[in-house]
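Start at 1 and go down the list; that is how both ligands and their atoms are numbered.
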Amino acid sequence: MVSLRHSPSARSLGLLALSLLSTFSTVSARLTSHGLSVTLNDAYYYISPFSGSVVVHPNLLKDVPAVFGFKPVTVIQGEVAQAGIQALLVKWDESDDVFQPAFARAIFLAGCKGSCKAKMKVISDASSIVPLNITTIPSGPYFLEMATGSLYPVYRLYEDFAGAFMQALIHTPDGKFQPMFAQIPGSAALTVGVPSRLYFTKTAAKPLAGVRLGVKDISRLAGVKGSNGNRAWYDLYPPATYTGPAIQRLIDAGAVVVGTQKTSQFANGESATADWVDYHSPFNPRGDGDTGGSIRGPAGVQGPFGNRPSHGLVSLDNVMPLSPTLDTAGFLVRDTAIWDAANAALYGSNYTSLASSKPKYPKTIRTIEFPTDPGASAASKLLIDFLNSLVTFVGGTVTLLNLATEWAATGPKGPPALAQYLNTTYPMIITKEQIQLVREPFYRDYAVAHDGRRPFVNPVPLVRWSYGDIVSASQLQDQDDVKASFMKWFNTEVLPPVADPKQCSSGLVLYIGSSGGQNPRNRYSNGSGVPFGFSSNCISVLVEVPDSVFPVGEVLSRSAITAHDEALPVAIDINAAKGCDGLLVKLAQDLVKAGIIPEPRPGGSINGGAILMRRSFGAVDIWN
Ligand SMILES: *[C@@H]1O[C@H](CO)[C@@H](O)[C@H](O)[C@H]1NC(C)=O
Ligand SMILES: *[C@@H]1O[C@H](CO)[C@@H](O)[C@H](O)[C@H]1NC(C)=O
Ligand SMILES: *[C@@H]1O[C@H](CO)[C@@H](O)[C@H](O)[C@H]1NC(C)=O
Ligand SMILES: *[C@@H]1O[C@H](CO)[C@@H](O)[C@H](O)[C@H]1NC(C)=O
């Protein structure tokens, strides 16, 4: 696509007549290419607007068909014998969702020693093999611009069928981002592009080379406008001038940002039907359930791993705050090796990877509100089987953890029952902090720009902020003290760290993340108001320990919508002592290896399979 930009010209007709000549002589026309969308056989592609400086001799490729002056070609770097080319291309075709044999009609062979100018058969097509003396361009598929001989990188285009994205992006050569200008058929769906995996080679410095990353639209990216899930915010503020260090560290480690993704408004928990007014909530590809929460909620209902890091170990600079006292940033990820590498990049020296050591797993396993009767439901059986396997695996023992009872027995004297004691801690802290850091400057800036108006805000943030308005500064101070006292108690009495870095945590605390229940979005909810109360998923939030979600399997559940048994994930949350984030990832790796938990696949179930309403673009998921 191209866009034509011109400088403003005179608007009045009279003035136009008088100044026609001078206007035309001073108008500047800047024609900017934003890339080009094409199809090659049955796949949609996007030709990057940014070529390398590589120039080759296009007239060598007379037999290869061109589209709009572009020809699909392949670059092969490194020594490869002619006999090995076909096997290499077959491997690429299987491992990369962007490459296809049609790119191999013309092959630029770097490291070619002269004998390779001959024509030869490759994947049943006659291919032209052309030597290339440039070693700076990575292997993979390209489009060659016939007019200039420049090679342009290729992106495969996908429909955002789940409505998960806010904006599809490509990296620009100056280290920023710009929108991907491409649209393929889809109903109210963005088009997202992914570059060929073949361009990226994993190294010690780039352990995430080519790993595709979607970024929640509260983390700012250089050159990109953000929304925080709010249209007025998106409209009001200019693109970010820099990428926050958390995301920048992932990019520096080789990750490829493919877009920003939806967030509940201002990161306040919202229900799909009732609350997502400004933007529509994403769909869950597994069954007909809903998403919710930030990392752990979606992980529980969709079946990937998900982690809430120990508080304070990951920089949140240039990320919209809910509450700096409580906020962290983590991943939804399927592959446990990528999870470990991504944590190492994200946390830097705050992360201790145990991936290549032999950990001493804690033997004290504590469960909160766990099922005891495997016959009660398929989910109960999965959870109990998992618990038994875990206990055997670490050679430990299980004890029940009832925080209320333990708090009553060993907690600091004075405060009331735990449920009452912690009832307003979370809502007071998040609302007071977000009002000050987000709402106030937003309302001020919006009023200045719009004649004193207030912006539209969804019901949930409004209800929560209204609550925060009646909380006094001294009440907030009290709740900061409550948090500190609960944290101190939990981190010394319930789950203290141990000095040995190979063990790190004195125990593991388990609670149920998701038991395969349905939460269909075609039911009106009663509205989610102020999040009072205390439950197991608040532990990590208040005491700063890591909390990771592990899929343990899935259960069939009769859907009233599809009149069919749908597979819904069952997931467990595991807490370890503060700073023991690496232990949980290693545990996930070892449990996958031991066959105790599944490594989730992309698709309609944890084991893969078709996704309803997804167009057929081949079996490969973009999240790898
Ligand atoms: C590479 O090949 C081009 C064209 O064949 C030639 O002009 C150029 O000098 C060569 N460069 C090197 C470094 O050999
Ligand atoms: C590591 O933790 C410290 C202390 O909380 C923090 O200041 C620093 O930014 C963290 N490092 C990274 C890479 O996030
Ligand atoms: C928590 O606070 C809300 C609002 O004040 C109140 O309605 C509810 O009863 C409280 N719950 C507990 C357990 O104290
Ligand atoms: C809404 O509240 C009513 C009355 O408390 C309850 O019966 C109903 O199940 C609730 N609906 C939802 C979707 O939570």
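Annotation: F550 is in aromatic contact with F305 [ring centroid separation under 6.0 Å]. In summary, the aromatic rings of F534 and F486 are positioned with their centroids under 6.0 Å apart.
No N or O atom of T424 sits closer than 3.5 Å to an N or O atom of ligand 3.
Side-chain contact between P179 and I170 is absent, with no heavy atoms from C-beta onward closer than 4.5 Å.
Below 4.0 Å from some heavy atom of L313 lie the following atoms of ligand 2, by number and element: 1 (C), 10 (C), 12 (C), 14 (O). Under a 4.0 Å criterion applied to the non-hydrogen atoms of N350, ligand 2 contributes the atoms 1 (C), 2 (O), 3 (C), 8 (C), 10 (C), 11 (N), 12 (C). Residue-ligand proximity, V314 to ligand 2, at heavy-atom distances under 4.0 Å covers atoms 14 (O). In summary, the atoms of ligand 2 found under 4.0 Å from a heavy atom of R249, numbered by their order in the structure, are 13 (C).
Protein heavy atom at the shortest distance from atom 13 (C) of ligand 3 is A419 O, 4.0 Å. The nearest heavy-atom contact from the protein to atom 14 (O) of ligand 2 is S315 N, 3.1 Å. The single protein non-hydrogen atom nearest to atom 4 (C) of ligand 2 is G312 O, 3.8 Å, given as residue, atom name and distance.
Here the OG1 atom belonging to T328 is positioned 7.0 Å from the CG atom belonging to L316, to the nearest 0.5 angstrom. In this structure, the separation between NZ on K432 and CZ on R464 is 16.0 Å, given to the nearest 0.5 Å.
Applying the 6.0 Å contact sphere to CD of Q475 captures more than 12 heavy atoms from other residues, nucleotides or ligands.
A side-chain N or O of D445 and one of Y237 form a donor-acceptor pair less than 3.5 Å apart.
Within a 4.0 Å radius of atom 9 (O) of ligand 3, the protein has no heavy atom.
In this structure, of N423, L422, L418, the residue bringing a heavy atom nearest to atom 2 (O) of ligand 3 is N423.
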